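If you're wondering where the values come from, they're calculated on a predicted model, not measured in any experiment.
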Amino acid sequence: MSLNNGQTLISGGQDLTRNDSSSSRAPWEGARMVLKPSTPTRKPKPPNPENAITIAVSSRVLFNMEREQQIYEQQGMEEYIKYQVEHETEPFSPGPAFSFVKALEAVNTQLRELYPESEELFDVVLMTNNHAYVGLRLINTINHHQLFIERFCMTGGNSPIGYLKAYHTNLYLSADSAKVREALEEGIAAATMFTPEKMKEVSETQLRVAFDGDAVLFSDESERIFKAHGLDKFFEHEKAHENKPLDHGPLKCFLEALGKLQKKFYGKGQRMDCPIRTYLVTARSAASSGTRALKTLRSWGLEIDEALFLAGAPKGPMLEKIRPHIFFDDQMFHVEGAAELGTVACHVPYGIAQRVARKGIKDK
């Protein structure tokens, strides 16, 4: 298995297809057709950024731009822009973040039905360092796929990271690990998104988000004990500190934002039918070190719908059953394992694990 520059886990260069569909046709094969530029006339008004949960996504994770990226890297900016302009009426096919964004929009639809005047909604911002000349193709693609994305930030080759705070960003997803690290250094929840060779079908009516614990939701305090002193000392440390909450990790604020919207559904009697479901998928053992994790979440006033303590077992098979739209982990080993079984996985480059050399996969 290898990882190309478009952050795609590939084997033989195949296109993304459904892994368990009886049809041999790719689910978005029709997106390759030539289209005429169009502007939908009925779109919801975007919420005020100060009230919304803002998800910033790069164009390379929202859409499949592998071919275009190769042109940029091999032939330079001018040929890249020329190619984009020449193909601006051809829509991009969906990328790894596409199903996640569609799920966000499905949640928004239900929130608008329950709270017509509320602006506590998801707001997706396309954040890209593309040249503005490429903007027309992106707009045509968004309209073709009927996505509700009205906020763009195209920086013409400069890093878009400086704009994230201005957009009140709650989560930033990119295929560029350097930009993700830069965002994390600015205190913004961020992750590098990878594309499995074959993505599992996911729910169209319920947003499912899975998190690792240490160095993702929580700080890397316990991970540091494990790396420095081994498993037995780790268990001793967790037992001695089980009533002391862990410090927050880089994705805690995103779980908090999801919980805020979940409570709006609970307030309408929809706890059992909530269109947002969250999962903790951790290598911790339940009896030996799970208590501190759960007590930490409780101390924060946060709920997690399902908690899976795997005691070091692989996460991929469990994620295959959950079928989340997105999974966050700080270790590339788990990201790769999840992707091998069809889960869209994101790497959070935070904490002590980043100092350990990664094997079997290149993080470009």
Side-chain angles (χ1 to χ4, degrees), residues 177 180-181 184-185 187 189-192 194 209-256 278-322 324 327-341 343 345-363:
S177 58
V180 166
R181 290 188 178 93
L184 288 171
E185 290 172 359
T192 309
F194 296 91
V209 183
F211 300 89
D212 179 30
D214 295 289
V216 176
L217 291 179
F218 314 130
S219 72
D220 67 339
E221 170 201 324
S222 300
E223 188 77 16
R224 287 176 179 272
I225 299 296
F226 170 69
K227 296 292 185 185
H229 305 290
L231 191 59
D232 289 340
K233 289 293 184 183
F234 165 76
F235 288 148
E236 290 177 13
H237 178 268
E238 293 304 287
K239 181 64 177 177
H241 296 82
E242 68 177 26
N243 292 315
K244 179 183 178 183
L246 288 154
D247 197 1
H248 67 84
L251 269 293
K252 180 250 187 177
C253 58
F254 182 53
L255 176 62
E256 195 170 36
T278 56
Y279 303 79
L280 173 65
V281 183
T282 173
R284 283 175 174 253
S285 303
S288 303
S289 57
T291 299
R292 192 179 186 196
L294 295 179
K295 285 187 174 181
T296 295
L297 291 171
R298 181 182 294 176
S299 74
W300 292 344
L302 296 181
E303 296 184 33
I304 200 87
D305 292 303
E306 298 188 29
L308 286 75
F309 294 93
L310 303 183
K315 298 182 180 182
M318 290 299 170
L319 291 165
E320 186 180 20
K321 298 299 181 183
I322 294 171
F327 166 61
F328 299 98
D329 203 290
D330 67 306
Q331 299 193 50
M332 286 301 302
F333 172 80
H334 293 304
V335 171
E336 182 181 27
E340 284 178 345
L341 296 179
T343 296
C346 295
H347 179 230
V348 182
Y350 174 85
I352 189 65
Q354 311 315 309
R355 300 181 185 179
V356 179
R358 294 184 290 270
K359 298 180 181 180
I361 192 166
K362 294 181 179 179
D363 182 13

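Between the side chain of S288 and the backbone N or O of F235 there is no donor-acceptor pair closer than 3.5 Å. Under the 3.5 Å distance criterion, the side-chain polar atoms of E242 are left unmatched by any main-chain donor or acceptor of E238. With hydrogens and angles disregarded, a donor-acceptor distance shorter than 3.5 Å links the side chain of T278 to the backbone of D305. H347 places a side-chain N or O within donor-acceptor distance of the main-chain N or O of D330, the cut-off being under 3.5 Å. Judged purely by atom type and a 3.5 angstrom limit, R292 uses its side chain to pair as donor or acceptor with the backbone of H241.
Annotation for H248: atom NE2 does not count as buried by contact number, only 12 or fewer foreign heavy atoms lying within 6.0 Å.
A 4.5 Å side-chain heavy-atom check between F328 and L217 finds every atom pair outside the cut-off. Between F327 and K315, the closest side-chain pair of non-hydrogen atoms falls below 4.5 Å. Within the 4.5 Å cutoff, the side chain of R284 has heavy atoms near those of the F234 side chain. For the pair D212/H334, no side-chain contact is recorded, criterion being any heavy-atom separation below 4.5 Å from C-beta on.
A distance of 7.5 Å separates OG1 of T282 from CZ of F218, quoted to the nearest 0.5 Å. Annotation: the span from D214 atom CG to I225 atom CD1 amounts to 11.5 Å, rounded to 0.5 Å. From Q354, atom CD reaches atom CZ of R181 across 6.5 Å, with rounding to the nearest 0.5 Å. To the nearest 0.5 Å, the span separating CG on L251 from SG on C346 amounts to 9.0 Å. To the nearest 0.5 angstrom, K321 atom NZ is 10.0 Å from L341 atom CG. Annotation: the span from E223 atom CD to E221 atom CD amounts to 11.5 Å, rounded to 0.5 Å.
Of all heavy-atom pairs between A215 and Y350, the closest is O-CD2, 3.4 Å. Taking every heavy atom of both residues into account, L246 and S219 meet most closely at CD2-OG, 4.5 Å. Nearest heavy atoms, A210 versus V281: CB-CG2, 4.3 Å. Considering every non-hydrogen atom in both A191 and V348, the closest pair reads CB-CG2, 4.1 Å. Closest non-hydrogen pair, P245 versus T296, comes out as CA-OG1, 3.5 Å. The two residues W300 and K252 come nearest to each other via the heavy atoms CZ3-CG, 3.4 Å.
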Checklist entry - Stepwise, does the side chain to side chain contact (heavy atoms under 4.5 Å, CB included) test hold for K295 with S299? => result CA-CA 6 Å; K295 285 187 174 181; S299 74; over 6 Å; no

Item to check | Criterion side chain to side chain contact (heavy atoms under 4.5 Å, CB included) on T192 and V335, from CA distance to verdict | outcome: CA-CA 10 Å; T192 309; V335 171; over 6 Å; no

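Here K239 does not pair with E236 in a salt bridge; the nearest charged N to carboxylate O distance is not below 4.0 Å. Taking a cutoff of 4.0 Å between a charged side-chain nitrogen and a carboxylate oxygen, D220 and K227 do not qualify as a salt bridge.
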